[in-house]
Amino acid sequence: MAKILVTGGLGFIGSHTVVELQNKGFEVVIIDNLSNSSIKVLDGIVAITGIKPEFLNIDLKEKNLVQEFFKKHHNIDGVIHFAASKAVGESVKEPLMYYENNINTLVYLLQEYTKLENSNFIFSSSCTVYGEPDALPINEAAPIKPALSPYGNTKQIGEEIIQDLCKVTSNFKAISLRYFNPIGAHETAFIGELPLGVPQNLIPFITQTAIGKRNQLAVFGDNYPTADGTCIRDYIHVVDLAKAHVTALSRLLEKNNKSNYEVFNLGTGTGSSVLEVIHAFERVSNEKLNYRIAERREGDVVSVYADTKKANEELGWTSKLSLDDAMKSAWKWEQKISKS
(Lines give C-alpha, C1' and ligand atoms only; values in the text may rest on other atoms or scores of the structure.)
Protein backbone atom coordinates (compact mmCIF):
# COMPACT_ATOMS: atom_id res chain seq x y z
CA MET A 1 0.00 0.00 0.00
CA ALA A 2 1.06 3.60 -0.57
CA LYS A 3 3.30 5.31 1.98
CA ILE A 4 1.97 8.70 3.11
CA LEU A 5 3.77 11.47 4.98
CA VAL A 6 1.52 13.44 7.32
CA THR A 7 3.11 16.63 8.65
CA GLY A 8 1.56 17.88 11.87
CA GLY A 9 0.22 14.35 12.23
CA LEU A 10 -0.18 14.55 16.00
CA GLY A 11 -2.33 17.69 15.82
CA PHE A 12 -6.12 17.80 16.00
CA ILE A 13 -7.01 17.21 12.35
CA GLY A 14 -3.73 15.45 11.55
CA SER A 15 -4.18 12.69 14.14
CA HIS A 16 -7.74 11.93 13.01
CA THR A 17 -6.51 11.79 9.41
CA VAL A 18 -3.73 9.36 10.36
CA VAL A 19 -6.38 7.09 11.89
CA GLU A 20 -8.49 7.17 8.72
CA LEU A 21 -5.44 6.55 6.51
CA GLN A 22 -4.43 3.53 8.59
CA ASN A 23 -7.99 2.25 8.58
CA LYS A 24 -7.79 2.26 4.77
CA GLY A 25 -4.51 0.34 4.78
CA PHE A 26 -2.07 3.19 4.06
CA GLU A 27 1.39 3.13 5.63
CA VAL A 28 1.84 6.42 7.49
CA VAL A 29 4.92 8.41 8.49
CA ILE A 30 4.29 11.34 10.86
CA ILE A 31 6.44 14.44 11.17
CA ASP A 32 5.56 16.72 14.09
CA ASN A 33 7.74 19.02 16.21
CA LEU A 34 5.28 18.82 19.15
CA SER A 35 5.07 22.63 19.37
CA ASN A 36 1.27 22.47 19.57
CA SER A 37 0.64 18.78 20.21
CA SER A 38 1.59 15.93 22.53
CA ILE A 39 3.46 12.66 22.02
CA LYS A 40 0.60 11.00 23.96
CA VAL A 41 -1.54 11.41 20.83
CA LEU A 42 0.55 8.65 19.26
CA ASP A 43 -0.75 6.27 21.94
CA GLY A 44 -4.31 7.28 21.08
CA ILE A 45 -3.75 6.50 17.39
CA VAL A 46 -2.35 3.07 18.29
CA ALA A 47 -5.27 2.40 20.66
CA ILE A 48 -7.76 3.02 17.83
CA THR A 49 -5.99 1.34 14.90
CA GLY A 50 -3.67 -1.19 16.52
CA ILE A 51 -0.86 0.18 14.34
CA LYS A 52 2.01 2.41 15.45
CA PRO A 53 2.95 4.76 12.60
CA GLU A 54 6.55 5.82 12.16
CA PHE A 55 7.04 9.11 14.01
CA LEU A 56 9.82 11.67 13.63
CA ASN A 57 10.21 14.78 15.78
CA ILE A 58 11.40 17.16 13.06
CA ASP A 59 11.05 20.93 12.83
CA LEU A 60 10.35 21.63 9.15
CA LYS A 61 11.95 25.08 9.54
CA GLU A 62 15.28 23.23 9.61
CA LYS A 63 15.93 22.84 5.88
CA ASN A 64 18.76 20.36 6.36
CA LEU A 65 16.48 18.06 8.37
CA VAL A 66 13.87 18.12 5.60
CA GLN A 67 16.59 17.21 3.09
CA GLU A 68 17.81 14.37 5.31
CA PHE A 69 14.27 13.02 5.68
CA PHE A 70 13.71 12.72 1.94
CA LYS A 71 17.13 11.14 1.39
CA LYS A 72 16.07 8.35 3.74
CA HIS A 73 12.40 8.26 2.67
CA HIS A 74 12.51 8.39 -1.11
CA ASN A 75 9.41 6.20 -1.44
CA ILE A 76 6.77 8.68 -0.20
CA ASP A 77 3.70 8.35 -2.44
CA GLY A 78 1.74 11.25 -0.99
CA VAL A 79 2.03 14.12 1.48
CA ILE A 80 -0.76 15.63 3.57
CA HIS A 81 0.58 18.90 4.95
CA PHE A 82 -1.03 20.11 8.18
CA ALA A 83 2.02 21.44 10.04
CA ALA A 84 1.44 25.18 10.59
CA SER A 85 0.73 27.75 13.27
CA LYS A 86 -2.97 28.54 13.29
CA ALA A 87 -4.01 31.14 15.89
CA VAL A 88 -5.38 34.27 14.20
CA GLY A 89 -4.77 36.58 17.17
CA GLU A 90 -1.22 35.35 17.72
CA SER A 91 -0.45 35.82 14.01
CA VAL A 92 -1.38 39.51 14.26
CA LYS A 93 1.09 39.95 17.13
CA GLU A 94 3.82 37.71 15.66
CA PRO A 95 3.57 38.00 11.86
CA LEU A 96 7.18 37.05 11.08
CA MET A 97 6.91 33.91 13.18
CA TYR A 98 3.84 32.90 11.16
CA TYR A 99 5.46 33.61 7.80
CA GLU A 100 8.55 31.64 8.78
CA ASN A 101 6.64 28.69 10.20
CA ASN A 102 3.88 28.46 7.60
CA ILE A 103 5.64 29.57 4.40
CA ASN A 104 9.30 28.57 4.79
CA THR A 105 8.32 25.07 5.87
CA LEU A 106 6.01 24.64 2.87
CA VAL A 107 8.78 25.73 0.48
CA TYR A 108 11.39 23.43 2.04
CA LEU A 109 8.94 20.51 1.93
CA LEU A 110 8.02 21.09 -1.72
CA GLN A 111 11.64 21.61 -2.79
CA GLU A 112 12.56 18.13 -1.59
CA TYR A 113 9.32 16.25 -2.28
CA THR A 114 9.08 17.31 -5.93
CA LYS A 115 12.49 15.72 -6.58
CA LEU A 116 10.74 12.36 -6.40
CA GLU A 117 9.38 10.74 -9.53
CA ASN A 118 5.74 11.45 -8.66
CA SER A 119 4.46 13.76 -5.96
CA ASN A 120 0.88 13.97 -4.70
CA PHE A 121 0.20 16.78 -2.26
CA ILE A 122 -2.80 17.67 -0.08
CA PHE A 123 -2.66 21.16 1.43
CA SER A 124 -4.50 22.07 4.59
CA SER A 125 -6.08 25.39 3.64
CA SER A 126 -8.94 27.36 5.16
CA CYS A 127 -12.13 29.24 4.43
CA THR A 128 -10.30 32.30 5.82
CA VAL A 129 -9.07 32.87 2.25
CA TYR A 130 -12.59 34.10 1.38
CA GLY A 131 -12.71 36.82 4.05
CA GLU A 132 -16.14 38.47 4.44
CA PRO A 133 -18.10 36.71 1.68
CA ASP A 134 -20.10 38.54 -0.99
CA ALA A 135 -22.67 35.74 -1.14
CA LEU A 136 -23.65 32.64 0.83
CA PRO A 137 -23.10 29.75 0.67
CA ILE A 138 -19.46 30.15 -0.44
CA ASN A 139 -18.34 28.14 -3.45
CA GLU A 140 -14.81 27.63 -4.77
CA ALA A 141 -15.25 30.37 -7.39
CA ALA A 142 -15.80 33.03 -4.72
CA PRO A 143 -13.18 35.79 -4.83
CA ILE A 144 -10.13 35.58 -2.59
CA LYS A 145 -10.24 38.71 -0.44
CA PRO A 146 -7.30 40.55 1.15
CA ALA A 147 -6.41 38.54 4.25
CA LEU A 148 -7.65 39.80 7.61
CA SER A 149 -4.65 38.32 9.45
CA PRO A 150 -1.13 37.06 8.77
CA TYR A 151 -2.45 33.54 9.44
CA GLY A 152 -5.06 33.92 6.70
CA ASN A 153 -2.43 35.41 4.42
CA THR A 154 -0.16 32.38 4.90
CA LYS A 155 -2.98 30.16 3.62
CA GLN A 156 -3.48 32.39 0.56
CA ILE A 157 0.26 32.51 -0.14
CA GLY A 158 0.56 28.77 0.43
CA GLU A 159 -2.12 28.09 -2.18
CA GLU A 160 -0.40 30.46 -4.63
CA ILE A 161 2.98 28.74 -4.15
CA ILE A 162 1.43 25.33 -4.82
CA GLN A 163 -0.50 26.60 -7.85
CA ASP A 164 2.64 28.21 -9.32
CA LEU A 165 4.58 24.98 -8.81
CA CYS A 166 1.84 22.93 -10.50
CA LYS A 167 2.17 25.09 -13.63
CA VAL A 168 5.81 24.17 -14.16
CA THR A 169 6.16 20.73 -12.56
CA SER A 170 4.51 17.96 -14.55
CA ASN A 171 5.06 15.24 -11.93
CA PHE A 172 3.43 17.32 -9.15
CA LYS A 173 -0.31 17.14 -8.43
CA ALA A 174 -1.98 18.98 -5.59
CA ILE A 175 -5.34 19.61 -3.95
CA SER A 176 -6.03 22.47 -1.54
CA LEU A 177 -8.78 21.67 0.94
CA ARG A 178 -10.44 24.81 2.27
CA TYR A 179 -12.16 23.78 5.43
CA PHE A 180 -14.55 25.60 7.59
CA ASN A 181 -14.76 24.94 11.37
CA PRO A 182 -13.57 21.48 12.49
CA ILE A 183 -15.03 20.28 15.80
CA GLY A 184 -15.63 17.10 17.78
CA ALA A 185 -13.40 14.14 18.54
CA HIS A 186 -13.03 10.46 17.68
CA GLU A 187 -15.94 8.44 19.04
CA THR A 188 -13.55 6.33 21.16
CA ALA A 189 -12.27 9.47 22.95
CA PHE A 190 -8.70 8.24 22.39
CA ILE A 191 -7.91 11.39 20.38
CA GLY A 192 -9.49 14.84 20.17
CA GLU A 193 -8.73 18.55 20.27
CA LEU A 194 -5.95 19.25 22.77
CA PRO A 195 -5.39 23.01 22.97
CA LEU A 196 -2.33 24.14 24.87
CA GLY A 197 -3.16 27.06 27.16
CA VAL A 198 -6.27 29.16 26.53
CA PRO A 199 -8.34 27.62 23.70
CA GLN A 200 -8.59 29.62 20.47
CA ASN A 201 -11.70 27.75 19.29
CA LEU A 202 -15.28 27.76 20.54
CA ILE A 203 -15.84 24.07 21.29
CA PRO A 204 -12.94 23.44 23.71
CA PHE A 205 -13.91 26.68 25.47
CA ILE A 206 -17.44 25.31 25.84
CA THR A 207 -16.32 21.92 27.16
CA GLN A 208 -13.68 23.41 29.48
CA THR A 209 -16.28 25.77 30.92
CA ALA A 210 -18.74 22.92 31.45
CA ILE A 211 -16.13 20.74 33.19
CA GLY A 212 -15.02 23.62 35.44
CA LYS A 213 -11.62 24.49 33.95
CA ARG A 214 -12.99 27.89 32.87
CA ASN A 215 -15.37 30.02 34.89
CA GLN A 216 -17.44 31.40 32.04
CA LEU A 217 -17.72 31.40 28.27
CA ALA A 218 -17.79 34.76 26.50
CA VAL A 219 -20.06 35.03 23.45
CA PHE A 220 -18.61 37.87 21.39
CA GLY A 221 -21.58 39.96 20.25
CA ASP A 222 -25.32 39.29 20.05
CA ASN A 223 -26.22 42.17 17.73
CA TYR A 224 -25.08 40.74 14.40
CA PRO A 225 -27.62 40.61 11.54
CA THR A 226 -28.46 36.93 12.18
CA ALA A 227 -31.56 35.23 13.61
CA ASP A 228 -30.27 35.23 17.22
CA GLY A 229 -27.66 37.99 16.82
CA THR A 230 -24.59 35.73 17.10
CA CYS A 231 -22.07 34.82 14.41
CA ILE A 232 -22.71 31.87 12.13
CA ARG A 233 -20.12 29.27 11.13
CA ASP A 234 -20.10 25.94 9.30
CA TYR A 235 -19.05 23.40 11.95
CA ILE A 236 -17.79 20.12 10.49
CA HIS A 237 -17.04 16.97 12.47
CA VAL A 238 -13.29 16.30 12.45
CA VAL A 239 -13.82 12.63 11.49
CA ASP A 240 -15.79 13.66 8.39
CA LEU A 241 -12.99 16.11 7.60
CA ALA A 242 -10.30 13.45 8.08
CA LYS A 243 -12.12 11.09 5.69
CA ALA A 244 -12.23 13.86 3.09
CA HIS A 245 -8.42 14.06 3.17
CA VAL A 246 -8.18 10.33 2.44
CA THR A 247 -10.69 10.69 -0.40
CA ALA A 248 -8.77 13.63 -1.90
CA LEU A 249 -5.46 11.79 -1.64
CA SER A 250 -6.95 8.70 -3.30
CA ARG A 251 -8.20 10.93 -6.13
CA LEU A 252 -4.60 11.94 -6.87
CA LEU A 253 -3.10 8.47 -6.40
CA GLU A 254 -5.73 6.93 -8.71
CA LYS A 255 -5.26 9.77 -11.24
CA ASN A 256 -8.91 10.83 -11.12
CA ASN A 257 -8.05 14.53 -10.82
CA LYS A 258 -9.24 16.81 -13.63
CA SER A 259 -6.18 19.07 -13.46
CA ASN A 260 -2.93 18.97 -11.53
CA TYR A 261 -4.20 21.66 -9.13
CA GLU A 262 -7.69 21.51 -7.63
CA VAL A 263 -9.52 23.20 -4.77
CA PHE A 264 -12.42 21.89 -2.70
CA ASN A 265 -14.48 23.39 0.12
CA LEU A 266 -15.05 21.06 3.07
CA GLY A 267 -18.00 21.83 5.29
CA THR A 268 -21.53 20.67 6.00
CA GLY A 269 -23.20 23.34 3.89
CA THR A 270 -25.18 24.47 6.94
CA GLY A 271 -24.44 27.41 9.19
CA SER A 272 -24.94 27.26 12.97
CA SER A 273 -24.87 30.28 15.28
CA VAL A 274 -22.78 30.42 18.45
CA LEU A 275 -25.94 30.17 20.55
CA GLU A 276 -27.16 27.18 18.51
CA VAL A 277 -23.85 25.44 19.23
CA ILE A 278 -24.17 26.21 22.95
CA HIS A 279 -27.72 24.86 23.00
CA ALA A 280 -26.64 21.72 21.12
CA PHE A 281 -23.98 21.13 23.77
CA GLU A 282 -26.49 21.63 26.58
CA ARG A 283 -28.88 19.22 24.87
CA VAL A 284 -26.43 16.32 24.47
CA SER A 285 -24.56 16.81 27.77
CA ASN A 286 -27.46 17.71 30.09
CA GLU A 287 -25.19 20.46 31.42
CA LYS A 288 -26.20 24.10 31.79
CA LEU A 289 -23.42 26.27 30.41
CA ASN A 290 -22.34 29.45 32.17
CA TYR A 291 -21.95 32.06 29.43
CA ARG A 292 -22.25 35.81 29.02
CA ILE A 293 -22.63 38.15 26.09
CA ALA A 294 -19.47 40.19 25.53
CA GLU A 295 -18.48 42.94 23.11
CA ARG A 296 -17.92 42.04 19.49
CA ARG A 297 -14.45 40.76 18.68
CA GLU A 298 -12.52 42.69 16.05
CA GLY A 299 -12.16 40.88 12.74
CA ASP A 300 -15.02 38.41 13.24
CA VAL A 301 -16.93 37.72 10.02
CA VAL A 302 -20.73 37.69 10.48
CA SER A 303 -21.64 34.51 8.63
CA VAL A 304 -19.65 31.86 6.78
CA TYR A 305 -20.82 28.49 5.47
CA ALA A 306 -19.81 26.32 2.57
CA ASP A 307 -21.31 25.38 -0.74
CA THR A 308 -20.21 21.73 -0.73
CA LYS A 309 -21.61 20.76 -4.13
CA LYS A 310 -18.19 20.40 -5.79
CA ALA A 311 -16.82 18.16 -3.01
CA ASN A 312 -20.04 16.14 -2.97
CA GLU A 313 -20.15 15.58 -6.73
CA GLU A 314 -16.49 15.50 -7.81
CA LEU A 315 -14.83 13.99 -4.74
CA GLY A 316 -17.82 11.83 -3.92
CA TRP A 317 -17.55 12.96 -0.30
CA THR A 318 -20.28 14.28 1.99
CA SER A 319 -20.32 15.05 5.70
CA LYS A 320 -22.26 12.41 7.62
CA LEU A 321 -22.02 13.40 11.28
CA SER A 322 -24.27 16.03 12.90
CA LEU A 323 -23.60 18.98 15.20
CA ASP A 324 -25.03 16.91 18.08
CA ASP A 325 -22.66 14.03 17.20
CA ALA A 326 -19.73 16.45 17.31
CA MET A 327 -20.75 18.01 20.63
CA LYS A 328 -21.33 14.59 22.19
CA SER A 329 -17.86 13.36 21.14
CA ALA A 330 -16.19 16.61 22.24
CA TRP A 331 -17.79 16.31 25.68
CA LYS A 332 -16.78 12.65 26.00
CA TRP A 333 -13.20 13.66 25.10
CA GLU A 334 -13.17 16.53 27.63
CA GLN A 335 -14.44 14.25 30.38
CA LYS A 336 -11.71 11.71 29.59
CA ILE A 337 -8.75 14.15 29.49
CA SER A 338 -9.96 15.91 32.65
CA LYS A 339 -9.65 12.62 34.55
CA SER A 340 -6.15 11.86 33.33
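Keep in mind that the numbers below use all heavy atoms, side chains included, and drop hydrogens, waters and symmetry copies.
N101 and S85 form a side-chain donor-acceptor contact under 3.5 Å, judged by distance and modelled atom types alone. Side chains of T154 and N102: a donor on one and an acceptor on the other come within 3.5 Å. Counting only N and O atoms by type, the side chains of D32 and S37 include a donor and acceptor under 3.5 Å apart. For the residue pair Y98/E90, the side-chain donor-acceptor check at 3.5 Å is satisfied. Side chains of N265 and Y305: no donor on one and acceptor on the other come within 3.5 Å. E117 and N171 share no side-chain donor-acceptor pair at under 3.5 Å. A donor-acceptor contact under 3.5 angstrom links the side chains of R296 and N223, judged on distance only.
Between D43 atom CG and I191 atom CD1 the span is 12.0 Å, to the nearest 0.5 Å. Residue L56 holds its CG atom at 12.5 Å from OG1 of T7, rounded to the nearest 0.5 Å.
Using cut-offs of 30° and 60° on the angle between ring planes, the pair F123 and F121 is parallel. Ring orientation note: the planes of F281 and W331 are nearly perpendicular, at an angle over 60° on the 30°/60° scale. Ring geometry for H186 versus H16: interplanar angle of 30 to 60°, hence tilted.
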(Q) Using ring-ring contact (aromatic ring centres under 6.0 Å, His included), reason through Y179 and H245 one step at a time and then give a plain yes or no. (A) CA-CA 11 Å; Y179 25 93; H245 286 76; 5.3 Å; yes
Q. Would I122 and H81 count as a side chain to side chain contact (heavy atoms under 4.5 Å, CB included) if you check the C-alpha gap in whole Å, the side-chain angles of each, and the deciding distance to 0.1 Å?
A. CA-CA 6 Å; I122 306 296; H81 182 48; over 6 Å; no
Q: Evaluate the criterion side chain to side chain contact (heavy atoms under 4.5 Å, CB included) for residue pair V6 and I4; output intermediate values, then yes/no.
A: CA-CA 6 Å; V6 182; I4 309 303; 4.3 Å; yes
Q. Hey, mind stepping through Y261 and D164 against side chain to side chain donor-acceptor pair (under 3.5 Å) and telling me if it holds?
A. CA-CA 9 Å; Y261 180 69; D164 286 343; over 6 Å; no
Q.
Checking S322 against D324 for the side chain to side chain donor-acceptor pair (under 3.5 Å) test, could you report, in this order, the C-alpha distance in whole Å, the side-chain angles of both residues, the deciding distance, and whether it holds?
A. CA-CA 5 Å; S322 68; D324 280 16; 5.5 Å; no
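When all heavy atoms are compared, the tightest approach of G184 to S329 is CA-OG, 3.6 Å. Contact between L177 and A244 at its shortest, heavy atoms only, is CD1-O, 4.5 Å. Contact between N153 and A147 at its shortest, heavy atoms only, is N-CB, 3.4 Å. For the residue pair L252 and K173, the shortest heavy atom distance occurs at O-NZ, 2.8 Å. Closest approach of P53 to I51, counting heavy atoms only: CD-O, 3.3 Å. Nearest heavy atoms, A330 versus I203: CB-CG2, 3.7 Å.
The main-chain N or O of F69 is found under 3.5 Å from a side-chain atom of H73 such that the two form a donor-acceptor pair. A donor-acceptor distance shorter than 3.5 angstrom exists from the side chain of E276 to the backbone of S273, with no hydrogens or angles considered. Formation of a donor-acceptor pair under 3.5 Å by the D234 side chain with backbone atoms of G269 is found in this model. With hydrogens and angles ignored, the 3.5 Å screen pairs a side-chain donor or acceptor of T207 with a backbone N or O of P204. A donor-acceptor pair under 3.5 Å is absent between the side-chain atoms of Q156 and the main chain of G152, judged by distance alone. N104 places no side-chain N or O within donor-acceptor distance of the main-chain N or O of V107, the cut-off being under 3.5 Å. Judged by distance alone, with hydrogens and angles left aside, the side-chain atoms of S15 form a donor-acceptor pair with the main-chain N or O of F12 at under 3.5 Å. Between the side chain of T308 and the main chain of N312, no donor-acceptor pair closer than 3.5 Å is present.
The local environment of NZ in K52 is sparse, with at most 12 non-hydrogen atoms from other residues, nucleotides or ligands closer than 6.0 Å. The environment of K310 atom NZ is dense: over 12 non-hydrogen atoms of other residues, nucleotides or ligands sit within 6.0 angstrom. Other residues, nucleotides and ligands contribute over 12 non-hydrogen atoms within 6.0 Å of the NZ atom of K155. Atom NZ of K328 is surrounded by 12 or fewer heavy atoms from other residues, nucleotides or ligands within 6.0 Å. Counting non-hydrogen atoms of other residues, nucleotides and ligands closer than 6.0 Å to CD of E140 gives a total above 12. More than 12 heavy-atom neighbours from other residues, nucleotides or ligands sit within 6.0 angstrom of NZ on K3.
In terms of hydrophobic clustering, with Ile, Leu, Val, Met, Phe, Trp and Tyr side chains grouped at heavy-atom distances under 4.5 Å, V18 and L5 are assigned to different clusters. Following chains of ILVMFWY side-chain contacts shorter than 4.5 Å, one can reach M327 starting from I278, so the two form part of one hydrophobic cluster. One hydrophobic cluster, built from ILVMFWY side chains closer than 4.5 Å, holds both L202 and V198. Taking hydrophobic clusters as Ile, Leu, Val, Met, Phe, Trp and Tyr residues chained together by side-chain heavy-atom distances below 4.5 Å, F82 shares a cluster with V246. In terms of hydrophobic clustering, with Ile, Leu, Val, Met, Phe, Trp and Tyr side chains grouped at heavy-atom distances under 4.5 Å, V46 and I39 are assigned to different clusters.
Salt-bridge annotation for E314 and K309: absent, with no side-chain N of the basic residue lying under 4.0 Å from a carboxylate O of the acidic one. Salt-bridge formation is detected for the pair D300/R297: a Lys NZ or Arg NE/NH1/NH2 atom is positioned less than 4.0 Å from an Asp or Glu carboxylate oxygen. Ion pairing between E112 and K63 fails under the 4.0 Å rule for side-chain N and carboxylate O. At a threshold of 4.0 Å, the pair E187-K332 does not count as salt-bridged, since none of the basic side-chain nitrogens sits closer than that to a carboxylate oxygen. A salt bridge links D134 to K145: one of the charged nitrogens lies within less than 4.0 Å of a carboxylate oxygen.
At least one cation-pi condition fails for R233 and F180: the charged atom is not both under 6.0 angstrom from the six-membered ring centre and inside a 45 degree cone around its axis.
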